[in-house]
*Asks:* 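Please see the structure below; I have some questions.
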Number of protein chains: 2
Amino acid sequence: MDFLSAKSVIDSALDKGFLCVVVGNCSVKYFGRAASKLSEGDRLLVIKPDGTFLVHQRSKMTAINYQGPGARVSTQLAENLVVTARREKPKEEIVVSFNSVQFAGAFEMHDDSKLKVFGSERQLSDLLMQDLHLIEKGLVPIKQESDVKKGTIDILAEDSKKRLVVIELKRRTAGLDAVTQLNRYARELRERKGVQVRGILCSPSITPNALAMLEKEGLEYFKLDYEVSNPSAKIKGLQKKQKGLEDYC
Amino acid sequence: MDFLSAKSVIDSALDKGFLCVVVGNCSVKYFGRAASKLSEGDRLLVIKPDGTFLVHQRSKMTAINYQGPGARVSTQLAENLVVTARREKPKEEIVVSFNSVQFAGAFEMHDDSKLKVFGSERQLSDLLMQDLHLIEKGLVPIKQESDVKKGTIDILAEDSKKRLVVIELKRRTAGLDAVTQLNRYARELRERKGVQVRGILCSPSITPNALAMLEKEGLEYFKLDYEVSNPSAKIKGLQKKQKGLEDYC
DNA sequence: GCGATCAGCGGCACG
DNA sequence: CGTGCCGTTGATCGC
């Protein structure tokens with residue numbers, strides 16, 4: 001496909017607010033928050049009506065170079081067909097220089113649908129709020145998504161002995177970061193309120209290092225079994241893995 | 001474009017290891033780590049030779065449904081043209097059901113080029129290793145990327161008073177997580193070695209909450225100015241923002 | 001293979 | 001707007 005035709009397809013797409021797809025051999029330069037260079041190769045370029053700009057290689061899921069919504073795209077024709085995406089704040093620029101173009105197409109796309117997701121952490125949190133007794137008898141919810149200075153507590157509750165309980169929920173294997181996060185919240189509450197505060201981590205699994213740190217910090221772990229049977233999620237069970245404070249008192 | 005032609009384009013692309021692009025009206029179902037439903041709308045489907053499977057809406061950077069490298073893609077023709085991507089471990093499936101197809105194309109793509117990035121944290125770390133005196137006179141590097149039980153320390157150094165110094169580097173604004181991370185490393189070393197350990201956070205900026213926590217934990221902050229003038233990055237300066245331990249002794 | 005962390009993370013929701 | 005954090009995070013590198 002000749003450059004002139006390709007340019008006119010792209011320009012027309014930009015003008016009409018169509019999605020544009022270009023396949024061709026190109027090199028790519030990026031400068032902005034970081035900088036990058038990619039030498040010649042066959043790539044797929046996708047330009048969306050909202051300014052989204054994606055350069056894909058033949059492998060991998062993520063675009064090798066990109067620009068988010070809000071970028072302004074323009075084309076220049078010289079030796080090569082050059083497509084530029086610019087964006088302010090942060091000031092960034094991608095320049096794609098095509099040596100050849102295999103294909104360029106513009107497509108009008110209507111789409112008002114929104115994705116419905118099942119099994120998100122938020123959904124699991126909602127379910128858990130209704131079923132805190134699965135963790136422990138007498139545990140009652142106080143607040144969900146409770147903002148404190150050092151972050152947001154997934155679930156704040158109170159146990160049968162009126163102790164504050166901070167619950168951190170993870171939808172997948174919990175690592176060191178999850179324990180650190182929980183610890184941060186528990187410490188802040190302890191210090192701020194001057195009372196005993198329990199911290200409970202709930203996740204389908206936990207890494208050995210994370211479990212070790214959790215135990216050393218006096219936090220508790222509950223294994224969370226759930227399934228995402230469409231069109232919702234369901235908590236199948238909660239199993240204590242570590243002895244709580246009461247075992248040491 | 002009729003379904004039969006579209007199917008044959010896709011099948012041929014799958015067979016030959018070409019990249020395949022399809023534009024059409026479809027609905028999408030996903031089930032795996034989570035589950036999702038997306039009702040009818042015009043979408044861009046990209047299938048890469050490595051199994052990467054991307055469903056894009058007209059807006060936003062990220063694919064609305066996707067599957068990473070390794071997925072096995074197949075097509076079925078019935079009422080609709082159905083394209084399925086399956087993957088084991090985790091067991092996942094995406095089903096795209098096309099009501100109509102505007103375009104389907106297959107493209108051979110040769111590309112051996114690898115992206116070269118400038119201004120990554122690792123690169124900044126390399127630079128900082130050579131210039132620890134920018135932080136403080138007498139600070140000498142011990143080890144880069146030092147693995148400890150609770151993670152990986154960016155830079156481990158020793159100050160003029162032979163104290164261990166843990167340096168955590170962030171290429172962008174540091175938040176609570178960065179402070180928590182640094183604190184984790186410093187605490188582990190303190191405990192394991194039974195010695196005094198300083199912790200220094202270096203980043204272009206830091207959020208107020210993070211700075212407050214950092215100061216409360218007795219850690220130190222250095223503002224890191226750098227620029228990514230192609231083809232490399234360069235540290236422009238380091239500025240102390242908080243008094244260190246020596247000011248309290 | 002799992003584990004930990006970075007990423008030009010992106011996106012969202014809340015202050 | 002910034003701040004915090006989730007994400008079907010993905011990708012990389014080390015063990």
Side-chain angles (χ1 to χ4, degrees), chain A residues 30-36 52 54 59-69 87 89-94 115 117-125 145-154 168-178 180-181 184-185 205-210 228, chain B residues 30-36 52-53 59-69 71 87 89-94 115 117-125 145-154 168-178 180-181 184-185 205-210 228 233:
Chain A
Y30 158 72
F31 182 82
R33 288 168 288 177
S36 73
T52 297
L54 304 169
S59 305
K60 295 292 162 66
M61 247 198 68
T62 53
I64 194 70
N65 278 111
Y66 53 86
Q67 200 92 217
R87 167 210 219 179
K89 217 180 143 50
K91 183 136 188 155
E92 298 198 294
E93 184 179 85
I94 300 179
L115 187 73
V117 185
F118 314 102
S120 65
E121 182 189 292
R122 179 52 197 259
Q123 195 173 86
L124 294 175
S125 174
E145 304 277 300
S146 171
D147 282 338
V148 292
K149 248 173 290 179
K150 290 180 179 171
T152 308
I153 296 171
D154 283 342
E168 175 64 28
L169 184 63
K170 289 292 169 211
R171 70 179 307 285
R172 54 176 184 169
T173 303
L176 288 168
D177 52 347
T180 314
Q181 207 180 339
R184 203 203 302 158
Y185 304 147
S205 56
I206 183 169
T207 66
N209 276 348
V228 281
Chain B
Y30 158 72
F31 181 82
R33 286 167 289 177
S36 73
T52 297
F53 191 91
S59 304
K60 294 294 163 65
M61 247 196 68
T62 54
I64 194 70
N65 278 111
Y66 54 87
Q67 199 99 198
R87 167 211 219 181
K89 220 179 143 51
K91 184 136 188 153
E92 298 198 297
E93 185 178 84
I94 300 179
L115 186 73
V117 185
F118 313 101
S120 64
E121 181 189 292
R122 179 54 198 258
Q123 193 174 91
L124 294 175
S125 173
E145 303 277 300
S146 170
D147 281 338
V148 292
K149 249 175 286 180
K150 290 179 179 172
T152 307
I153 296 172
D154 283 342
E168 177 63 29
L169 184 62
K170 288 293 170 213
R171 70 178 308 288
R172 53 175 187 168
T173 303
L176 289 168
D177 53 345
T180 313
Q181 206 180 343
R184 202 204 302 157
Y185 302 148
S205 55
I206 184 169
T207 66
N209 276 349
V228 281

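Naming: A, B, ... by sequence-line order, numbering from 1 per chain.
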*Asks:* Between B:Tyr30 and D:dG7, does any side-chain N or O lie under 4.0 Å from OP1 or OP2?
*Replies:* no
*Asks:* Below the 4.0 Å mark, does C:dA4 have OP1 or OP2 next to a side-chain nitrogen or oxygen of B:Tyr185?
*Replies:* no
*Asks:* With a cut-off of less than 4.0 Å, is there a side-chain N or O of B:Arg172 near OP1 or OP2 of D:dT3?
*Replies:* no
*Asks:* Check whether any side-chain N or O of A:Lys89 sits under 4.0 Å from OP1 or OP2 of D:dG2, and answer yes or no.
*Replies:* yes
*Asks:* Select base, sugar-phosphate, or nothing to describe what A:Glu168 touches, counting heavy atoms under 4.0 Å on all strands.
*Replies:* sugar-phosphate
*Asks:* Name the nucleic acid region contacted by A:Ile94, choosing base, sugar-phosphate or nothing; use a 4.0 angstrom heavy-atom cut-off, strictly under.
*Replies:* base
*Asks:* Base, sugar-phosphate, or nothing: which does B:Gln123 touch, judged by heavy atoms less than 4.0 Å apart?
*Replies:* nothing
*Asks:* Between A:Asn209 (side chain only) and B:Lys149 (backbone N and O only), is there a donor and an acceptor less than 3.5 Å apart?
*Replies:* yes
*Asks:* Touch check for B:Arg184, heavy atoms < 4.0 angstrom, all strands: base, sugar-phosphate only, or nothing?
*Replies:* sugar-phosphate
*Asks:* When we call it a touch if two heavy atoms are under 4.0 Å apart, what does A:Pro90 touch: a base, just sugar-phosphate, or nothing?
*Replies:* nothing
*Asks:* Across the strands shown, which category fits A:Gly151 at heavy-atom distances under 4.0 angstrom: base, sugar-phosphate, nothing?
*Replies:* sugar-phosphate
*Asks:* Roughly, in whole Å, what's the span from CE in B:Met61 to C1' in C:dG8?
*Replies:* 9 Å
*Asks:* Just to confirm, is there a sub-4.0 Å distance from OP1 or OP2 of C:dG10 to any side-chain nitrogen or oxygen of A:Arg33?
*Replies:* yes
*Asks:* The side chain of A:Arg171 lies closest to which of these nucleotides: C:dG8, C:dG11, D:dT8?
*Replies:* D:dT8
*Asks:* Within the pair B:Asn209 and D:dG4, is there a side-chain N or O less than 4.0 Å away from OP1 or OP2?
*Replies:* yes
*Asks:* Looking at A:Lys150, is its backbone amide N or carbonyl O close enough to the side chain of A:Tyr185 to form a donor-acceptor pair, meaning the two atoms are under 3.5 Å apart?
*Replies:* no
*Asks:* Students often get this wrong, so: under 4.0 angstrom with heavy atoms, is B:Lys149 touching a base, only sugar-phosphate, or nothing?
*Replies:* nothing
*Asks:* Starting at the 5' end of DNA chain C, which residue's closest nucleotide do you reach first, B:Asp154 or A:Ile206?
*Replies:* A:Ile206
*Asks:* I want to confirm an ordering. Mapping A:Ser120 and B:Ala174 to their closest nucleotides on DNA chain D, which one lands closer to the 5' end?
*Replies:* B:Ala174
*Asks:* Looking at C:dG11, C:dC6, D:dC6, which one has an atom nearest to any side-chain atom of A:Lys170?
*Replies:* D:dC6
*Asks:* Report the distance from atom NZ of B:Lys60 to atom P of D:dT9, rounded to the nearest whole Å.
*Replies:* 19 Å
*Asks:* When you measure from the side-chain N and O atoms of B:Arg122 to the phosphate of D:dG14, is any distance below 4.0 Å, counting only OP1 and OP2?
*Replies:* no
*Asks:* Is the shortest side-chain N/O distance from A:Gln181 to OP1 or OP2 of D:dG4 below 4.0 Å?
*Replies:* no
*Asks:* Does OP1 or OP2 of D:dA11 have a side-chain N or O of A:Thr62 closer than 4.0 Å?
*Replies:* yes
*Asks:* Looking at A:Asn65 and C:dG8, is any side-chain donor or acceptor paired with a base atom of the opposite kind under 3.5 Å?
*Replies:* yes
*Asks:* Distance check, rounded to the nearest 0.5 Å: B:Arg184 atom CZ versus A:Arg184 atom CZ?
*Replies:* 10.0 Å
*Asks:* Given A:Arg87 and A:Glu92, is the salt bridge (Lys or Arg N to Asp or Glu O under 4.0 Å) satisfied, shown in steps?
*Replies:* CA-CA 5 Å; A:Arg87 167 210 219 179; A:Glu92 298 198 294; 2.6 Å; yes
*Asks:* Describe the nucleic acid contact of B:Glu92 in one word from base, sugar-phosphate, nothing, applying a heavy-atom distance below 4.0 Å.
*Replies:* base
*Asks:* Answer yes or no: is there a donor N or O on one side and an acceptor on the other, between the side chain of A:Arg33 and the main chain of B:Arg171, under 3.5 Å?
*Replies:* no
*Asks:* Check whether any side-chain nitrogen or oxygen of A:Thr207 sits under 4.0 Å from OP1 or OP2 of C:dA4, and answer yes or no.
*Replies:* yes
*Asks:* Across the strands shown, which category fits A:Ile64 at heavy-atom distances under 4.0 angstrom: base, sugar-phosphate, nothing?
*Replies:* nothing
*Asks:* With a 3.5 Å distance limit and no angle check, can you tell me whether B:Gln123 reaches the backbone of B:Ala233 through a side-chain donor-acceptor pair?
*Replies:* yes
*Asks:* Between atom CZ in A:Phe118 and atom C1' in D:dT8, what is the gap in whole Å?
*Replies:* 13 Å
